[in-house]
Colleague: 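Next up is a structure, given as C-alpha cells.
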Amino acid sequence: MSYLEIKNFIKSFDKTEVLKDISFTMEKGEVLSVIGSSGSGKTTLLRCLNFLESPDGGKMVLDGEQLIDADGKAKESEKALREKRLNFGLVFQSFNLFPQYTVLKNITLAPTLLLKTELKELKKTLKEEKKPRREIFSILKERKETKKREIEKEGGLLLDKIGLSDKKDAYPDQLSGGQCQRVAIARALALKPKILCFDEPTSALDPELTGEVLRVIKSLKDDGRTMIIVTHEMGFAQKVSDKVIFMANGIIEEQGSPDELFNNPKSEKLKSFLISNNDKEGI
C-alpha cells in the first residue's frame with residue numbers, strides 16, 4: 001500500500017467542475033511536484049488535501065488510515081477535521097505570518113495553542129478520575145512547563161534548519177520576502193506533519209530571493225521529508241521531484257518521473273505548456 005492514496009477526487013464550485021476524477025499515489029519520503037497553467041485545479045487539489053476544501057467525491061488514505069471518504073457523505077465534527085489537518089502542513093505563497101509576533105513566536109504559536117487544548121483535555125480526564133484539586137494543578141503545571149520548554153527548543157532547532165537563528169527576536173516586517181517564506185516553512189514544520197505541502201512557494205518573491213527558499217526545500221528532501229509542491233519553477237521541479245503531475249482543465253493530463261515529463265512528454269497539452277514556460281524564461 002502506498003503512503004498516500006488519492007482516489008477519484010472530484011470538486012465543483014457552483015456548476016464549474018474544478019477537479020475531475022483525480023487519482024494518484026506517492027510513497028513516504030517522495031517529493032511530488034504539481035505543475036500546470038493557472039486554473040488547472042492545482043491549488044484546489046492542495047486545499048482539498050489540507051481540509052481547507054471538501055471534495056464532492058473520492059477518498060484519501062494516508063499511512064493506512066482513511067482520512068476522507070467523500071462518497072460516504074458522513075459529516076464530521078470540527079474537532080475531527082482539526083485532528084486530520086495536523087497530518088499536513090501547508091506553506092502559502094503569501095507567507096501569512098503574524099506581524100505582531102516575533103519570528104520564534106510565529107513558529108511556536110500553533111504548538112502552543114495545541115498544548116492548551118491538550119491541557120484542557122487532560123484536566124477533564126483528571127477530574128473524571130476524581131484526582132484531588134491540588135494534584136490536578138501540580139500535574140497540569142508540570143506538563144505545561146515541560147511541553148513549553150520542548151516547544152521552545154524545537155522552535156530554535158527549526159530556526160537553525162532554515163538558517164535564521166539570529167532572527168528569532170525579529171518581526172516579519174524586518175525580514176526579506178525570502179526570510180519570511182523560510183519562517184513560514186519552519187512554522188509548518190513545527191506541528192510535525194506527515195506531509196508538507198507548498199502552494200507556489202516562490203511566486204511572491206523577487207528572483208534573487210527565490211534561491212534561498214528552494215535551497216531550504218531541497219534540504220528537506222535530503223532529510224527524507226514527504227512533500228507535495230505546486231510550483232511554476234520547472235527547473236527546480238525537475239531537480240527535486242521523484243514524481244511530477246501535470247494538470248490541465250481539472251484532470252491529470254500526464255504523470256510520471258521528471259525525466260519522462262520534461263524530456264519525453266506525451267501529451268500535446270504538456271508539450272505546449274513546456275514550450276510556453278521556456279519562452280517565458282527566455283530559453
Side-chain angles (χ1 to χ4, degrees), residues 1 3-4 28-29 47-54 59-70 72-92 96-162 164-165 167-169 171-172 183-197 220 223-226:
M1 180 181 291
Y3 189 61
L4 176 68
K28 189 173 184 178
R47 290 178 64 82
C48 285
L49 295 177
N50 283 269
F51 296 90
L52 298 176
E53 300 284 355
S54 298
K59 294 178 173 63
M60 174 166 70
V61 178
L62 174 61
D63 198 14
E65 179 185 359
Q66 183 164 280
L67 298 183
I68 292 176
D69 182 3
K73 301 298 181 186
K75 187 172 177 60
E76 294 191 278
S77 67
E78 185 57 37
K79 180 183 177 183
L81 288 174
R82 282 199 303 269
E83 289 176 353
K84 290 182 176 182
R85 285 189 190 112
L86 294 175
N87 289 289
F88 295 85
L90 179 58
V91 180
F92 299 91
N96 290 358
L97 299 179
F98 293 102
Q100 71 272 32
Y101 295 145
T102 64
V103 163
L104 183 59
K105 188 162 184 180
N106 263 284
I107 293 171
T108 59
L109 181 61
T112 300
L113 293 175
L114 188 61
L115 173 60
K116 288 183 179 180
T117 301
E118 291 174 358
L119 291 174
K120 283 182 181 179
E121 292 176 354
L122 177 58
K123 184 177 181 180
K124 181 180 177 181
T125 300
L126 294 172
K127 283 185 174 181
E128 290 173 350
E129 294 174 354
K130 301 189 184 302
K131 298 282 187 184
R133 182 178 296 179
R134 182 171 294 180
E135 185 178 351
I136 290 174
F137 176 80
S138 177
I139 291 172
L140 291 175
K141 182 181 179 182
E142 182 179 357
R143 178 70 63 87
K144 180 180 180 180
E145 291 176 351
T146 299
K147 291 292 290 184
K148 285 194 77 172
R149 285 195 296 270
E150 291 176 2
I151 290 170
E152 292 285 320
K153 180 180 179 181
E154 288 170 0
L157 291 173
L158 286 170
L159 279 171
D160 286 340
K161 178 67 181 174
I162 62 171
L164 290 175
S165 298
K167 300 291 185 181
K168 70 183 182 71
D169 296 320
Y171 290 85
V183 174
I185 293 171
R187 180 180 60 183
L189 289 169
L191 287 173
K192 302 175 182 177
K194 290 183 176 180
I195 297 182
L196 186 60
C197 301
L220 295 174
D223 290 343
R225 284 274 174 187
T226 308

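It should be emphasised that the depicted structure is a prediction, and the values quoted were computed from it without experimental measurement.
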Colleague: Testing the basics here: between L196 and A188, what is the closest heavy-atom pair and its distance to 0.1 Å?
Modeller: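 Closest approach of L196 to A188, heavy atoms only: CD1-CB, 3.6 Å.
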Colleague: Please list, chain by chain and in numerical order, all residues satisfying side-chain contact (heavy atoms from CB on, under 4.5 Å) with K161, sequence neighbours excluded.
Modeller: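 Only S219, L220, D223 meet the side-chain contact (heavy atoms from CB on, under 4.5 Å) criterion with K161.
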Colleague: Looking at side-chain heavy atoms only, is the closest gap between F51 and N87 below 4.5 Å?
Modeller: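 They are not in side-chain contact.
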Colleague: Please examine the side chains of Y171 and V103, heavy atoms only from C-beta on, and report whether any two atoms are closer than 4.5 Å.
Modeller: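 A side-chain contact under 4.5 Å is absent here.
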Colleague: Would you name the heavy atoms of I162 and A186 that are closest together and state the gap between them?
Modeller: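 I162 and A186 have their closest heavy atoms at CD1-CB, 3.8 Å.
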Colleague: Closer than 4.0 angstrom, basic N to acidic O: yes or no for R143 and E118?
Modeller: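 Salt bridge absent between R143 and E118.
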Colleague: Donor-acceptor check, side chain of S138 to backbone of R134, threshold 3.5 angstrom: yes or no?
Modeller: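 Checking the backbone N and O of R134 against the side chain of S138, no donor-acceptor pair under 3.5 Å is found.
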Colleague: Just verifying a value: how many Å separate T117 OG1 and E83 CD, rounded to the nearest 0.5 Å?
Modeller: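 The distance works out to 10.0 Å.
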Colleague: Would the number of heavy atoms belonging to other residues, nucleotides or ligands and lying under 6.0 Å from NZ of K84 be above 12?
Modeller: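 Yes - once you tally the heavy atoms of other residues, nucleotides and ligands closer than 6.0 Å, there are more than 12.
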Colleague: Would you check if L86 and L114 make a side-chain contact, meaning some heavy-atom pair closer than 4.5 Å?
Modeller: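 A side-chain contact under 4.5 Å exists here.
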Colleague: Do K167 and T102 have side-chain heavy atoms sitting under 4.5 Å apart?
Modeller: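 When only atoms from C-beta onward are counted, T102 and K167 do not touch, as no gap falls below 4.5 Å.
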Colleague: For a salt bridge (Lys or Arg N to Asp or Glu O under 4.0 Å) check, start with the C-alpha distance between E150 and K153, then their side-chain angles and the critical distance, and finish with the verdict.
Modeller: CA-CA 5 Å; E150 291 176 2; K153 180 180 179 181; over 6 Å; no
Colleague: Around atom CD of Q100, are there more than 12 heavy atoms from other residues, nucleotides or ligands closer than 6.0 Å?
Modeller: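 Counting other residues, nucleotides and ligands, CD of Q100 exceeds 12 neighbours.
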Colleague: When you measure from the side chain of K131 to the backbone of L126, do you find a donor-acceptor pair of N or O atoms at a distance under 3.5 Å?
Modeller: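 Checking the backbone N and O of L126 against the side chain of K131, no donor-acceptor pair under 3.5 Å is found.
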Colleague: What distance do L191 atom CG and I107 atom CD1 have between them, rounded to the nearest 0.5 Å?
Modeller: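 It comes to 11.5 Å.
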Colleague: Report yes if some heavy atom in the side chain of T108 is under 4.5 Å from a heavy atom in the side chain of K148; otherwise report no.
Modeller: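 Side-chain contact under 4.5 Å: no.
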Colleague: Nearest 0.5 angstrom please: L122 CG to L140 CG, how far?
Modeller: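 Nearest 0.5 Å value for the CG-CG distance: 5.0 Å.
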Colleague: Could you walk me through whether Q66 and V61 pass the side-chain contact (heavy atoms from CB on, under 4.5 Å) check?
Modeller: CA-CA 4 Å; Q66 183 164 280; V61 178; 4.3 Å; yes
Colleague: Less than 4.0 angstrom from a charged side-chain N to a carboxylate O is my criterion; do K79 and E121 meet it?
Modeller: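 E121 and K79: salt-bridged.
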Colleague: Within a radius of less than 6.0 Å around NZ of K194, do more than 12 heavy atoms belonging to other residues, nucleotides or ligands occur?
Modeller: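 Counting other residues, nucleotides and ligands, NZ of K194 exceeds 12 neighbours.
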Colleague: Whether the side chain of N106 engages the backbone of F98 through a donor-acceptor N/O pair (distance < 3.5 Å, no angle test) should be reported.
Modeller: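 Yes: the side chain of N106 pairs with the backbone of F98.
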Colleague: Under 4.0 Å between a Lys/Arg side-chain N and an Asp/Glu carboxylate O for E78 and R85?
Modeller: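 Salt bridge flag = yes for R85 with E78.
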Colleague: C48 and S54: which non-hydrogen atoms are nearest, and at how many Å?
Modeller: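 In terms of heavy atoms, the two residues are closest at SG-C, 4.4 Å.
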Colleague: Rounded to the nearest 0.5 Å, how far does CG of L52 lie from CG of L81?
Modeller: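 It comes to 10.5 Å.
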Colleague: As an exercise, state the distance from CG of L67 to CE of M60, rounded to the nearest 0.5 Å.
Modeller: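 One finds 4.5 Å between CG of L67 and CE of M60.
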Colleague: With rounding to the nearest 0.5 Å, note down the distance linking CZ in R187 to CZ in F92.
Modeller: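 It comes to 7.5 Å.
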Colleague: For a quick test of reading the model, state the closest non-hydrogen atom pair linking P172 to L97 and the distance between them.
Modeller: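 In this case the closest contact between P172 and L97 is CG-CB, 4.0 Å.
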